[in-house]
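Remember, it's a predicted structure, so these values are computed and weren't measured experimentally. For ligands, and for the atoms within them, numbers begin at 1 and follow the listed sequence.
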Amino acid sequence: MEYKNLLIETNEGITTLTINRREALNALNSAVIAELECALFELDLDAAVKAVVLTGAGEKAFVAGADIKEMSELTSFEAHEFARRGQRLILLISRMRKPVIAAVNGYALGGGLELALACDFIYASEKAKFGFPEVGLGVIPGFGGTQNLARLIGPNKANELVFSGRVINAAKALQWGIVNELFAPEELLSKALETAREIAGKGPLSVAYAKDAIVNGLNMTKEDGFRYEASLFGVLFATGDQREGMGAFLEKRTADFKGK
Ligand code: CAA
């Protein structure tokens with residue numbers, strides 16, 4: 001696929017995926033959603049890629065939401081399909097084996113916040129802003145935002161944010177647990193890449209299985225989650241990476257993981 005709205009750059013196993021639709025503050029129209037889905041699917045299959053950092057082009061916005069101009073013309077049926085397509089992208093990120101870090105460099109509103117919440121964790125610029133303005137547009141979040149936000153920060157804070165449509169600053173997003181850490185705008189990407197490199201140095205199967213255990217375990221009872229964790233733990237003992245990781249520790253050397 002030819003990417004007209006994405007910049008994709010891979011260095012030493014880390015891919016920086018930048019949404020580049022600056023004229024609309026990187027808003028998610030159907031084309032951007034399709035490109036993101038295709039790019040992330042390909043990156044997940046690429047053995048050379050160990051982690052992905054997702055960010056927005058320009059200084060103003062990560063993503064200012066789903067594209068309001070495009071949505072304003074939709075029929076009810078088309079809106080349902082549009083939401084399902086956005087949700088398929090959101091679910092793809094959680095199903096990917098590779099970790100995806102959101103580097104939120106500005107506005108993350110509506111679908112933009114939903115996209116950031118789909119990532120495995122969020123780093124943000126001190127100037128970033130977060131919110132779900134949908135109720136002011138006569139709709140609700142449609143790319144999984146009501147579900148993912150309430151699961152992340154609990155229903156009370158999610159209710160306040162979604163019902164009010166209020167935009168909160170980065171410090172509040174950090175305090176509420178939406179964001180893991182804040183950085184000066186000029187440092188954000190390098191800090192996200194630094195963490196991505198740290199993760200990339202670990203066993204790729206371990207990271208993939210840890211993500212699987214956390215993402216899927218959240219939808220299980222605690223006991224089922226424990227059982228699922230134990231089965232993934234056991235499977236890893238059938239891999240060369242487990243022998244290499246433990247062998248390297250015992251031999252006091254750095255592990256050289258092969259992802260198999
Ligand atoms: N969709 C389409 N275009 C958008 C957009 C969006 N979500 N957000 C910004 N743009 C466009 C603007 O229309 C404008 O284009 P023109 O220059 O052609 O007029 C350009 O980007 C720059 O935006 P502004 O002039 O508005 O910039 P600003 O600095 O004055 O304001 C902002 C920035 C506060 C982010 C403002 O653009 C804004 O409120 N955007 C909309 C945010 C929003 O409501 N997002 C939720 C969308 S609904 C959704 O996402 C549903 C869902 O869950 C699936």
Numbered in order shown, the ligand 1 atoms found under 4.0 Å of a heavy atom of Pro141 are 53 (O)

Taking 4.0 Å as the limit for heavy-atom contacts, which would you say applies to Ala66 with ligand 1: side chain only, backbone only, both, or neither?
both

Fellow cluster residues of Val135, listed by chain then number, with links counted only when side-chain atoms sit under 4.5 Å apart:
none

With heavy-atom distances below 4.0 Å as the criterion, list the atoms of ligand 1 near Asp67.
1 (N), 2 (C)

Numbering the atoms of ligand 1 from 1, which are under 4.0 Å from a heavy atom of Glu114?
52 (C), 53 (O), 54 (C)

Which residue and non-hydrogen atom of the protein lie closest to atom 2 (C) of ligand 1, and at what distance in Å?
Ile68 N, 3.5 Å

Examine the side chains of Thr15 and Glu9 and answer whether a donor and an acceptor come within less than 3.5 Å of each other.
no

Please could you name the atoms of ligand 1 that Gly110 approaches to less than 4.0 Å, counting only its heavy atoms?
46 (C), 50 (O)

Name the closest protein heavy atom to atom 37 (O) of ligand 1, giving the residue it belongs to and the distance to 0.1 Å.
Leu25 CD1, 3.7 Å

Greater than 12 external heavy atoms within 6.0 Å of Arg85's CZ:
yes

Between Ala64 and ligand 1, which part of the residue brings a heavy atom under 4.0 Å of the ligand: side chain, backbone, both or neither?
both

Might you check, step by step, whether the distance between atom 52 (C) of ligand 1 and some protein heavy atom is under 4.0 Å?
yes

salt_bridge(Glu244, Arg253) N-O dist < 4.0 Å
yes

Sequence-distant partners of Arg166, side-chain hydrogen bond (donor to acceptor under 3.5 Å, both in side chains), two or more places apart
Glu160

If we number the atoms of ligand 1 from 1 as shown, the ones under 4.0 Å from a heavy atom of Gly142 are 52 (C), 53 (O), 54 (C)

May I ask you to decide whether Asp212 forms a salt bridge with Arg97, counting only side-chain N to carboxylate O separations under 4.0 Å?
no

Quick check on side chain to side chain contact (heavy atoms under 4.5 Å, CB included): which of Val100, Leu117, Val215 does Ser94 satisfy it with?
Val215

For atom 49 (C) of ligand 1, what's the nearest protein heavy-atom neighbour? Residue, atom name and distance, please.
Glu134 OE2, 3.3 Å

Of the protein's non-hydrogen atoms, which lies at the shortest distance from atom 14 (C) of ligand 1, and what is that distance?
Glu23 O, 4.3 Å

Which residue owns the protein heavy atom closest to atom 39 (O) of ligand 1, what's the atom, and how far is it?
Leu109 CD1, 4.6 Å

Report yes or no: does a heavy atom of Glu70 sit under 4.0 Å from some atom of ligand 1?
no

Per-atom contacts, ligand 1 versus Lys60 - under 4.0 Å to a heavy atom:
27 (O), 28 (P), 29 (O)

Is there a heavy atom of Ala24 sitting under 4.0 angstrom from any atom of ligand 1?
yes

Which ligand 1 atoms, with their elements, are less than 4.0 angstrom from a heavy-atom of Leu137?
44 (O), 47 (C), 48 (S)

Under 4.0 Å to a heavy atom of Phe143 - the qualifying atoms of ligand 1, by number
54 (C)

Looking at Lys258 and Asp256, is there a salt bridge between them, counting it only when a charged N and a carboxylate O are closer than 4.0 Å?
yes

Using a strict threshold of under 4.0 Å (side-chain N to carboxylate O), is an ion pair present between Glu37 and Arg88?
yes

Could you walk me through whether Phe121 and Tyr123 pass the ring pair (Phe, Tyr, Trp, His ring centres under 6.0 Å) test, one step at a time?
CA-CA 7 Å; Phe121 54 91; Tyr123 281 175; 5.5 Å; yes

If you apply the rule ring pair (Phe, Tyr, Trp, His ring centres under 6.0 Å), what do you find for Tyr209 with Tyr228, and how did you get there?
CA-CA 10 Å; Tyr209 280 37; Tyr228 190 55; 9.1 Å; no

